[in-house]
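Protein chains get the first letters and strands the later ones, always in sequence-line order, with residue 1 at the start of each.
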Amino acid sequence: MLRSPGSPMTGPVNRQTRVSTTGSGELQEESMAEEKALIPRSEDFSAWYNGVVQRGELAGYSPVRGCMVIRPHGYAIWELLQSALDARFKETGHQNAYFPLFIPESFLKKEAEHVEGFAPETAVVTHGGGKKLEEPLVVRPTSEAIIWPIMADWIQSYRDLPLLINQWANVVRWEMRTRPFLRTLEFLWQEGHTAHATEEEAEAETLLILGIYRSFMEGWMAMPPVTGVKAEWDKFAGAVRTYACEAMMQDNWALQAGTTHNLGQNFARAFDVKYQTEAGAHEYVWSTSWGVSTRLVGGLVMSHSDDVGLVLPPKLAPIQVVVVPIWSSDEQRAQVLEAVHRLEQRLAGRVRIKVDDRDTLNPGAKYYEWEGKGVPIRVEVGPKDIAKQQVMAVRRFTRDGRRKIALPEGEAAARLPEMLEEMQGELLETAVRRREENSYRGITDYEEFKRIIAGPGGFIYTGYCGAESCETRVKDETKATIRVIPDEDFRSDSFPATCVCGGKASHEVVWARAY
RNA sequence: CGGGGCGUGGCGCAGUUCGGUAGCGCGCCUGCUUUGGGAGCAGGAGGUCCCCGGUUCGAAUCCGGGCGCCCCGACCA
């Protein structure tokens, strides 16, 4: 999906806007609106997605295959997301640090499963300063292999534990196929790495962070995930246990939006990370790692956006309220701008507000631009409003279709923050309902399973025998995979005694087609 | 790596069959008039037609070779 310039790189993306003309011009029948419309979500979800990303000016393409440019509006969303999460990490005792981009190849090889999992998708630097390097340097696909040798030196005694470190960084994974935000060769993320004295503490950390991810996705992103444990063969390379947040997108596919890993003592053994206990013994530490990436931005897009473009939950909207002044004469212009700036001052510090006073665009053009960028509320102020001492507030998203509301000027400063909160709540409720409406519990009939996956899609809860071969067969036949063994909050009251293969079920799992 | 497709102003495309002044829409720039849902008129800028070689009076177009990208599949946060 990503292309390079000079070649048809931005091609498929721009095909998201409909161009009906031909060279001879005989097909110029479509109106401007039709011509500029996105491909509808219902028609081609992935084309729609690319169109939303482009219209919202979230990301662009780069000369390097599979890499994207995060544009200012997209990056602003990432920054909001980042600062909210960072605050949660700090509240729970984590500290940020930064480790090198380059990992000596030999380091990566120290943990057998880890190297096996990541080696196929690494980028390797073989030359530096015009000379061949003695040892190739791997561009980090994740940082365990460089962090543990270093943290090993930081840890001497039980008094140094727990060690709770996080880093915000870029990583590179050489993927075959890429899509903006969802899968790119290089992406931004945070990776937490912690060391603990006991297995229980490490497990508690893994679950703590999973809970933080979940509540952030619900409370900030309005993207409610199902959480649970990954199947044995689906774990992070080198982990004892992997937990994941699986969110349902508007096409009913699953997006793995965050993972936390209990690494047991695997990395401690591989990198010789030991501490001295109170009793004087030397023990390996128990460690965890966990991360979320810019993929979350893609999840945000696929959770809420519509055929007009991006829809952002207010908490993650770089601009929460955009004010569009309307005027004809200079006199009106002065009056309107005065009223608008009054409103701006009243909301300053409480709401991220922007006044769009450009006079090179018509109001209508501004509406489309800001709707495409997902601004939650637009406030229109024109001569008619001045006369009535009111402003018009227009919500980007509503459940009941009532988008436009007149607010008396005196109440606007109080009502607008409330409206933002209401919208945040309604987005979450809508997403939760959509997830539940597209979840199918207690499925035992494989034919029904296949019909759901081939048709509407969704999360299918079944019994499961635990065999990898069983998942492989289902995957080959339906393209659905086991997302997680659900956590308690998401489990059915009871689950079928038989697996989709007909064998005896040992536990419940959630299936879906996934990104 | 297998199967399909594409490479022409910033973007999307026509033109290639059958060689003859490189075009259309969008976007961009300037001016005037506009401004409550993508403004109108007038003027304007912008192209080594992916690269190399060949055929020809003449190549975007024909021939040979190369490169790149996209889609479907295998791999994946």
> Which residues satisfy the ring pair (Phe, Tyr, Trp, His ring centres under 6.0 Å) test with A:His73, sequence neighbours excluded?
Replying inline: none
>> Just the rounded figure in Å: distance from P of B:G36 to CG of A:Asp356.
In response: 14 Å
>> Looking at B:U16, which nucleotide sits across from it as a Watson-Crick or G-U wobble partner, both distances under 3.5 angstrom, or is there none?
In response: none
> For the pair made of CG in A:Leu185 and P in B:A77, what is the distance, rounded to whole Å?
Replying inline: 15 Å
> Base, sugar-phosphate, or nothing for A:Glu175, non-hydrogen atoms under 4.0 angstrom?
Replying inline: base
> How close or far is atom C1' of B:A39 from atom CZ of A:Arg358, stated in whole angstroms?
Replying inline: 15 Å
>> Roughly how many Å apart are B:G9 and B:A22, using the C1' atom of each and rounding to a whole number?
In response: 11 Å
>> Please report the distance separating the C1' of B:G53 from the corresponding atom of B:C13, rounded so that it comes out in whole Å.
In response: 29 Å
> Can you check whether A:Asn362 reaches A:Lys366 side chain to side chain, under 4.5 Å on heavy atoms?
Replying inline: no
>> Please identify which of these residues, A:Arg396, A:Arg378, A:Arg55, A:Arg395, meets the salt bridge (Lys or Arg N to Asp or Glu O under 4.0 Å) condition with A:Glu371.
In response: A:Arg378
>> List the residues meeting salt bridge (Lys or Arg N to Asp or Glu O under 4.0 Å) with A:Arg342, not counting sequence neighbours, and say none if there are none.
In response: A:Glu338, A:Glu409
>> Roughly how many Å apart are B:C69 and B:G64, using the P atom of each and rounding to a whole number?
In response: 24 Å
>> Tell me whether the side-chain N or O atoms of A:Glu371 pair up with the base of B:G37 as donor and acceptor below 3.5 Å, since no angle test is needed here.
In response: yes
> Any Lys/Arg nitrogen of A:Glu203 or A:Arg241 sitting under 4.0 Å from an Asp/Glu carboxylate oxygen of the other?
Replying inline: yes
>> If you take the centroid of each ring, where Trp contributes its six-membered ring, are A:Phe118 and A:Phe236 closer together than 6.0 Å?
In response: yes
> For A:Asp476 and B:G73, what is the distance between atoms CG and C1' respectively, to the nearest whole Å?
Replying inline: 12 Å
>> Tell me the interatomic distance from A:Tyr368, atom OH, to B:C26, atom P, rounded to whole angstroms.
In response: 17 Å
> Which ones in residues 379-395 of chain A lie close to RNA chain B, meaning a heavy atom under 4.0 Å from one of its atoms?
Replying inline: A:Glu380, A:Gly382, A:Pro383, A:Lys384, A:Asp385, A:Met392
>> I want to check one thing: is the phosphate of B:G37, taken as OP1 and OP2, less than 4.0 Å away from some side-chain N or O of A:Lys404?
In response: no
> So, is A:Arg378 near the phosphate of B:G37, with a side-chain N or O under 4.0 Å from OP1 or OP2?
Replying inline: no
> Which nucleotide in the list B:G37, B:A77, B:G73 gets nearest to the side chain of A:Arg177?
Replying inline: B:G73
> Paired with B:C32 by Watson-Crick or G-U wobble geometry, both distances under 3.5 Å: which nucleotide is it?
Replying inline: B:G40
> Which pairs count as salt bridge (Lys or Arg N to Asp or Glu O under 4.0 Å) when at least one residue sits in residues 324-337 of chain A, sequence neighbours excluded?
Replying inline: A:Arg333-A:Asp359
Using nucleotides 29-35 of chain B, report all nitrogen or oxygen pairs with the protein that are shorter than 3.5 Å.
| from | atom 1 | to | atom 2 | distance (Å) |
| --- | --- | --- | --- | --- |
| B:U35 | O2' | A:Trp327 | O | 3.3 |

>> By the 4.0 Å heavy-atom rule, please label A:Arg403 as base, sugar-phosphate, or nothing.
In response: base
> Can you tell me how far C1' in B:A60 sits from the matching atom in B:G7, rounded to whole Å?
Replying inline: 11 Å
>> So, using salt bridge (Lys or Arg N to Asp or Glu O under 4.0 Å) as the criterion, who are the partners of A:Asp251 when residues are at least two apart?
In response: none
> Tell me: CD of A:Gln54 to C1' of B:G10, nearest whole Å?
Replying inline: 12 Å
>> Using the C1' atom as the point on both nucleotides, what is the distance between B:C52 and B:A59, in whole Å?
In response: 15 Å
> Just one of A:Tyr243, A:Trp189, A:Phe89 clears the ring-ring contact (aromatic ring centres under 6.0 Å, His included) bar with A:Trp290, so which one?
Replying inline: A:Phe89
>> Between A:Glu369 and A:Arg358, does any side-chain N to carboxylate O distance fall below 4.0 Å?
In response: yes
> Considering every strand shown, what is the Watson-Crick or G-U wobble mate of B:G68 when both distances are under 3.5 Å?
Replying inline: B:C6
> Side chains of A:Thr481 and A:Arg513: donor-acceptor distance under 3.5 Å anywhere?
Replying inline: no
> Taking the same atom, P, in B:C29 and in B:G66, what whole-Å distance lies between them?
Replying inline: 44 Å
>> Taking B:G23 as the reference, what is the distance to B:U16 when you measure between their C1' atoms (whole Å, please)?
In response: 14 Å
> Applying a 3.5 Å limit to both distances, which nucleotide forms a Watson-Crick or G-U wobble pair with B:G27?
Replying inline: none
> Across the strands shown, which category fits A:Lys230 at heavy-atom distances under 4.0 angstrom: base, sugar-phosphate, nothing?
Replying inline: nothing
>> Would you measure the distance from the P atom in B:G19 across to the matching atom in B:G31 and give it in whole Å?
In response: 48 Å
> Considering every strand shown, what is the Watson-Crick or G-U wobble mate of B:G73 when both distances are under 3.5 Å?
Replying inline: B:C1
> May A:Phe187 be described as stacking on the base of B:A77, applying a 5.5 Å centroid limit and a 30° limit on plane angle?
Replying inline: yes
> For A:Leu182, which contact category applies under a 4.0 Å heavy-atom criterion: base, sugar-phosphate, or nothing?
Replying inline: base
>> Under a 3.5 Å cut-off for both contacts, is B:G53 paired Watson-Crick or G-U wobble with anything, and if yes, with which nucleotide?
In response: B:C63
> Can you check the A:Trp253 CH2 to B:A77 C1' distance for me, whole Å?
Replying inline: 16 Å
> Under 3.5 Å, is there a donor-acceptor pair between the A:Thr227 and A:Asp487 side chains?
Replying inline: yes
> Do we see A:Tyr367 stacking on the base of B:G37, given a limit of 5.5 Å between centres and 30° between planes?
Replying inline: no
> In whole angstrom, what separates A:Lys479's NZ from B:C72's P?
Replying inline: 10 Å
